[in-house]
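Before any comments, here is the structure.
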Amino acid sequence: RAKASSRNTYCFYEAGMDAAVEKRMQLEIEMREAVVCGDFALHYQPVLRLADEQIVGFEALMRWPHPTRGMISPEAFIPLAEETGQIVPLGDWALREACTEAASWPNDLRVAVNVSAVQFQQPGLEQSVVSALAASGLAPHRLELEITESVLVQDAEAVIACLHRLRSVGVRIALDDFGTGYSSLSYLRRFPFDKIKIDRSFIREISDPDAAAIVRAVVGIATHLGASVTAEGVETVAQLEQVRQEGCTEVQGYLISRPLLTEQATEFARGERVRAAA
Ligand code: C2E
Ligand code: MG
Ligand code: MG
Ligand code: MG
């Protein structure tokens, strides 16, 4: 069916459309179908706590295993899903799937789920979180929602109120990709969050004293506000030692593990395998 509509689309627009637009439209059609059919997957990247070097949880990262295009990365389809509104059912699915999976892990492990700003613009997010918890039986404190500062751009008051209600349920809030995007320090005061995740662009450059100073400053502010700090994208032992020295509490990155398939994550969670690669 997708093939047929592809052909029609192509004939109709052939004259004026370039290949990129054509490809995008095709992807949009296929995504709509994949959302309905549940053709997406979550991979899980371990999060290591530095104090005792224990795995404390996993971040769920979405993938689209496409029948002909191979594994499509979220960078290629999340923006499109946001523009078309498909992120709402897709994000809802991710919450349910991640909570169900995490409920089968040892019960001190958390799962982090990325939530798009677009999901906050819809009224159903809170209900979606609450019903994912109820359906899976996952304790609310084991669920962490990762949001970026972009959620505050529109109607910050409504978003902050929503975050407070989610936290009162027991869910944790993490501020993702910190240091990219808007990064107004005033957000840090208004935003009720439990964790800051420092974007990997800073970690990549952490051997540079300026980048290190920024990480140190963020750790200082976070500590003052009672939040923990995760360093994203740790790839080398040198980076691990430096973020430890700057006071980060948790790390994530290829040095620890790449995102894992569901079964590998379960094994990893049960400690049956110390290191594995997807
Ligand atoms: P993010 O939430 O900041 O996730 C971290 C990204 O960094 C992931 O890319 C992860 O695979 C990658 N990463 C982790 N460690 C390393 C490392 O050591 N080196 C390098 N180079 N990369 C590392 P991924 O899985 O491609 O996801 C990209 C982005 O897509 C995510 O960034 C997030 O913004 C978005 N995303 C992924 N899954 C979802 C989802 O379920 N919902 C929404 N709304 N967005 C999602
Ligand atoms: Mg994230
Ligand atoms: Mg991030
Ligand atoms: Mg990101």
Side-chain angles (χ1 to χ4, degrees), residues 31-45 47 56-65 74 77-152 154-176 191-195 197 259-263 265-266 269:
M31 180 186 297
R32 214 168 278 282
E33 202 160 283
V35 169
V36 173
C37 298
D39 289 343
F40 290 84
L42 292 178
H43 287 186
Y44 296 91
Q45 185 176 38
V47 180
V56 289
F58 294 83
E59 176 177 4
L61 293 159
M62 211 185 286
R63 301 286 181 266
W64 182 4
F77 69 82
I78 296 282
L80 181 60
E82 290 178 330
E83 283 166 41
T84 60
Q86 290 295 301
I87 193 68
V88 174
L90 199 52
D92 193 48
W93 169 81
L95 275 167
R96 282 183 282 114
E97 177 71 16
C99 288
T100 303
E101 204 49 50
S104 76
W105 300 339
N107 62 17
D108 50 346
L109 294 179
R110 296 193 298 259
V111 69
V113 179
N114 292 282
V115 178
S116 161
V118 175
Q119 292 172 267
F120 277 90
Q121 289 158 13
Q122 306 288 319
L125 178 62
E126 243 175 287
Q127 188 49 48
S128 175
V129 170
V130 168
S131 58
L133 289 168
S136 61
L138 189 73
H141 70 271
R142 295 179 60 195
L143 175 63
E144 190 164 81
L145 302 181
E146 295 196 1
I147 62 183
T148 59
E149 292 144 288
S150 62
V151 304
L152 289 175
Q154 277 156 356
D155 201 356
E157 292 314 320
V159 170
I160 289 169
C162 178
L163 293 175
H164 277 295
R165 288 193 301 271
L166 285 165
R167 278 180 103 208
S168 71
V169 172
V171 172
R172 295 163 48 91
I173 307 294
L175 187 51
D176 204 357
F191 217 126
F193 58 87
D194 303 278
K195 175 188 281 187
K197 299 188 75 174
L260 302 170
L261 300 172
T262 310
E263 309 76 48
T266 306

Return yes if a side-chain donor-acceptor contact under 3.5 Å exists between Glu59 and Asn114, otherwise no. yes
Do [X] and [Y] touch side chain to side chain, with heavy atoms closer than 4.5 Å?
X      : Y      : result
Leu163 : Phe120 : yes
Asp155 : Gln121 : no
Arg142 : Val111 : no
Arg63  : Pro259 : yes
Val159 : Ile147 : no
Trp93  : Val35  : no
Leu152 : Ile160 : yes

For [X] and [Y], which heavy atoms make the closest approach, and how far apart are they?
X     : Y     : value
Leu90 : Ala81 : CD2-CB, 4.2 Å
Trp64 : Asp39 : CD1-O, 3.8 Å
Ala60 : Leu42 : CB-CD1, 4.1 Å

Picking from Leu143, Val169, Val115, what satisfies side chain to side chain contact (heavy atoms under 4.5 Å, CB included) with Val129? Leu143
Spell out, as yes or no, whether a donor-acceptor pair under 3.5 Å connects the side chain of Gln119 to the backbone of Ser116. yes
Which of parallel (below 30°), tilted (30 to 60°) and perpendicular (above 60°) describes Tyr44 and Trp105? perpendicular
